[in-house]
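Any value given below was found using the heavy atoms of this structure, including those in side chains, with hydrogens, waters and symmetry copies removed. Positions are given from 1 along the sequence.
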Amino acid sequence: MSLAVRRPAREVFVVASASARERWVALACSFAIAATYVLIAGLDGALGVPRNDDWGYYRTAFDALHQGWFAPDPFTRTMLVGQILLAQPVIAVFGASIVPLQLFGAVFSAIGLWACYLVVRHFLEVRWAVFSVACLALGPIYGSLGPTFMSDGPSFALQALTLLAGLRALTARRRPLAWLAASLTLALAAFSVREYAVASAIAVLACFLLSRRLLQRNPTPGPEAVRVRRERIGAVGMGLVWLLCAGALYVWRAQLSGPGAAPDLHWTAPAHNTVRVVFTCALLVAPAVMLFWRWPHTPWTWRRWVALAVALVLVVPRAVFSPNPILTGNYVSASGAYPQTLYGGQPALIARPVWVAILVLTSAATLTVVAGILEAVLAWVVRRTQGRTNRPGRPAPTAPAIPTTTPTTPTASVDPEAKQPAYALWVREPALVLALAYSAATLVTVLGVSLLVPWVGDRYLFPVVPYLAAAVVWLARRTMPTRMPRSSHVVGALGLVGLAVLGAFQVDAAATFDGAKWQMGQALTRAGHQPQTVDAGLEWFGYHQPTAILNHFAPYRGHAFWVGLFDNARVCVQVTRAAPSRTRATAPLPLMSLRAEGLLGSRFLLDARPAHLRC
């Protein structure tokens with residue numbers, strides 16, 4: 001009986017790598033994209049303006065400057081400590097200034113794009129790697145989050161760097177444990193900014209241990225087997241140390257906000273949010289999904305019919321008959337990004353026919369994704385069932401051949417006589433496995449947190465967009481019987497253009513809205529009103545309050561929730577949002593009005609009227 005001779009374990013991990021010139025070009029392009037969004041924010045009046053929840057982060061950062069220690073308020077739920085530490089050099093040079101911290105966030109967002117590109121570049125050609133990252137960079141979320149001090153950007157960048165270092169740990173022939181330690185250090189830094197970053201550590205550790213488990217199950221005699229066993233033990237030890245450090249940091253951070261009421265568990269929230277998360281992710285990666293437009297023209301099997309029927313039952317009723325929005329919606333919504341940050345009504349920003357078309361595209365992308373996943377699961381079940389029913393002496397069914405990768409993506413040389421079903425995908429595409437593991441861990445983490453905080457925002461999902469899009473592109477190219485037809489390229493490009501148009505409009509509208517609220521507050525201050533008595537939206541009111549944020553919530557009827565965050569808050573003027581088409585014959589006339597129009601045609605009308613809360 002002859003045994004198949006296996007190659008040394010260190011020789012299987014050979015992956016594509018971007019050249020030094022390509023890395024520099026990618027970095028320059030990433031910073032150019034970030035700079036473009038900074039320019040849009042400046043032209044729309046949103047540069048130097050708190051945006052969304054970062055008004056509280058500015059207060060914490062500036063308090064750390066004046067008091068010398070980190071003291072977050074109860075309203076800030078994100079970890080934030082790492083972000084404040086990273087921003088200390090900027091604060092030390094520029095003081096209590098908003099613009100430098102916004103540029104700080106933009107720099108991290110650019111680095112995140114660059115690191116994402118380098119990860120997906122390991123299993124995609126240049127143009128397809130650019131296509132996958134563009135699904136995030138040109139979409140409706142990244143451009144609004146980039147030039148802010150929100151924690152999403154720095155956490156996203158640190159997680160992407162974690163995966164990049166983790167990939168090096170998986171593929172390194174020398175000192176993989178050193179790269180693993182570097183990856184986990186970056187993951188801890190990301191966790192110190194935002195807790196969801198725990199997913200990056202889970203993904204890197206799980207993939208590293210899995211790779212070493214596969215190597216140990218197929219050992220190479222001699223020093224190689226000892227080295228693999230040592231690496232597994234070292235990875236487990238590093239994981240335990242990381243867990244202890246992250247747990248200690250979390251407990252310490254939780255104590256800073258003071259004691260609070262025990263959180264209520266929302267048992268149905270994860271199931272409800274799962275549906276909305278699937279629809280949201282499908283919209284954000286829709287250009288990649290559109291590459292499958294030729295799917296109906298390929299041969300139909302019973303598995304495909306069953307998968308499509310089940311997908312129709314799961315998707316169509318939710319998309320058509322549900323009274324709730326199908327998207328998670330805080331940046332992607334018909335009323336614009338975070339419209340609830342100003343008291344009053346929230347008139348639609350996107351025309352209803354256009355918004356219906358967006359929802360139709362979302363539903364179609366979701367249907368395609370769900371049907372594809374179900375078909376793959378059915379195919380896997382059938383193969384497993386056939387494998388178990390094979391008896392000795394009977395010929396086994398022929399396994400489908402694993403398609404070769406593109407010529408520009410070098411892969412490992414594998415002995416054709418050695419049967420390695422568990423190795424097949426891992427040997428060829430370790431970066432793909434890591435990207436999928438990270439995406440799955442992030443989604444599970446977000447849905448798990450919704451047990452405590454039932455509301456899930458689409459900005460929690462944006463770090464996984466490039467990896468999900470890249471996985472879809474990889475699958476589309478892998479399943480094509482021949483070279484991907486030009487028509488698929490055209491359809492995918494049209495999808496990316498459509499997503500970019502939606503993204504440009506949403507980013508411009510969000511910056512215009514945020515800038516208009518701040519300009520209204522400044523105008524009222526110049527008119528003689530005290531800044532802390534002007535309710536010009538969440539960011540203005542919260543940022544200008546001289547008192548600390550309460551550890552409890554005391555709402556006031558007729559006022560927004562943020563007024564109840566402060567003890568003895570005063571509101572003498574209240575700014576509301578009105579329909580841009582309002583005529584002049586409106587009674588009673590407001591104290592002041594402001595019309596703002598974005599670069600791409602978004603229009604807002606803000607009115608200021610007297611209010612009488614301790615005024």
Side-chain angles (χ1 to χ4, degrees), residues 49-63 71-80 148-151 253-266 269 329-330 333 335-346 449-450 452-457 459 513-514 516-518 520-522 524-525 529-578 590-591 606-615:
V49 172
R51 304 184 64 182
N52 314 132
D53 289 341
D54 67 359
W55 65 270
Y57 306 166
Y58 289 123
R59 287 172 57 109
T60 302
F62 299 154
D63 286 346
D73 55 75
F75 183 75
T76 300
R77 295 181 178 179
T78 188
M79 186 76 73
L80 194 63
T148 70
F149 196 53
M150 296 285 281
S151 60
R253 171 64 178 84
Q255 294 175 347
L256 294 180
S257 297
D264 296 328
L265 293 179
H266 305 269
N330 51 12
S333 67
S335 299
Y338 281 105
Q340 68 274 18
T341 54
L342 194 66
Y343 185 76
Q346 302 171 12
V449 172
S450 68
L452 303 176
V453 184
W455 182 75
V456 171
R459 65 187 178 91
F513 184 53
D514 294 339
K517 290 182 293 183
W518 198 261
M520 195 67 162
Q522 291 176 326
L524 291 169
T525 301
H529 298 278
Q530 295 180 343
Q532 64 268 27
T533 66
V534 175
D535 182 3
L538 167 66
E539 300 90 348
W540 174 276
F541 189 81
Y543 182 78
H544 286 93
Q545 291 306 301
T547 58
I549 297 177
L550 298 175
N551 200 20
H552 61 276
F553 179 61
Y556 297 96
R557 175 176 293 183
H559 294 272
F561 75 88
W562 50 83
V563 177
L565 296 176
F566 299 90
D567 193 16
N568 297 321
R570 299 168 56 204
V571 180
C572 300
V573 182
Q574 189 176 68
V575 179
T576 59
R577 179 176 168 183
L591 295 175
L606 306 186
D607 289 341
R609 300 182 183 277
H612 304 283
L613 179 63
R614 301 189 183 94
C615 186

Between D63 and T60, is there a side-chain donor-acceptor contact under 3.5 Å, judged purely by atom types and distance? no
Quick one: does any side-chain atom of T576 pair with a main-chain N or O of G344 as donor and acceptor, under 3.5 Å? no
Hey, is the main chain of G336 close enough, under 3.5 Å, to the side chain of S333 for a donor-acceptor pair? yes
What is the minimum heavy-atom distance between G558 and Q574, and which atoms define it? O-NE2, 3.4 Å
Let me confirm one number: the OG1-CH2 distance from T148 to W55, rounded to the nearest 0.5 Å. 15.0 Å
Student check: side-chain heavy atoms of V571 and V563 closer than 4.5 Å: yes
Provide the closest heavy-atom pair for G56 versus D73 in the form atom of the first, atom of the second, distance. O-OD2, 3.8 Å
What distance separates S151 OG from M79 CE, expressed to the nearest 0.5 Å? 11.0 Å
Step-by-step ring pair (Phe, Tyr, Trp, His ring centres under 6.0 Å) determination, H544 to W562: CA-CA 12 Å; H544 286 93; W562 50 83; over 10 Å; no
For the CD1 atom of I549 and the CZ atom of F566, what is their distance to the nearest 0.5 Å? 4.5 Å
Do R577's NZ or CZ and the ring of F513 fall within the cation-pi criteria of under 6.0 Å and 45°? yes
Taking every non-hydrogen atom, the tightest pair across D567 and T547: O-OG1, 4.2 Å
Please identify which of these residues, N330, D53, N52, D514, meets the side chain to side chain donor-acceptor pair (under 3.5 Å) condition with Y338. N330
If you round to the nearest 0.5 Å, how far is CG of L452 from CZ of R77? 10.0 Å
For G521 and V534, which heavy atoms make the closest approach, and how far apart are they? CA-CG1, 4.4 Å
Sub-4.5 Å side-chain heavy-atom contact between Y343 and F541: no
Check for a donor-acceptor pair, side chain of R570 on one end and backbone N or O of T533 on the other, with a separation under 3.5 Å. no
Nearest 0.5 Å, please: how far is OG1 in T341 from CH2 in W540? 14.5 Å
Do P74 and L550 come within less than 4.5 Å of each other through their side chains, counting heavy atoms only? no
Using 30° and 60° as the class boundaries, would you call the ring planes of F149 and Y57 parallel, tilted or perpendicular? perpendicular
In short, V456 meets S450 closest at the heavy-atom pair CG2-CB, 3.8 Å
Under a 3.5 Å distance rule, please check whether R51 uses its side chain to pair with a backbone N or O of M150 as donor and acceptor. no
Give the C-alpha distance, both sets of side-chain angles, the deciding distance and a yes or no for side chain to side chain contact (heavy atoms under 4.5 Å, CB included) between R253 and T76. CA-CA 11 Å; R253 171 64 178 84; T76 300; 3.9 Å; yes
Donor-acceptor pair, R59 side chain versus G542 backbone, under 3.5 Å? yes
Distance in Å, R609 CZ paired with D535 CG, rounded so as to fall on 0.5 Å steps: 14.5 Å
Measure the acute angle between the ring planes of Y556 and H559, then classify it against the limits of 30° and 60° as parallel, tilted or perpendicular. perpendicular
Shortest non-hydrogen contact between A569 and R614, atoms and distance: O-NH1, 2.9 Å
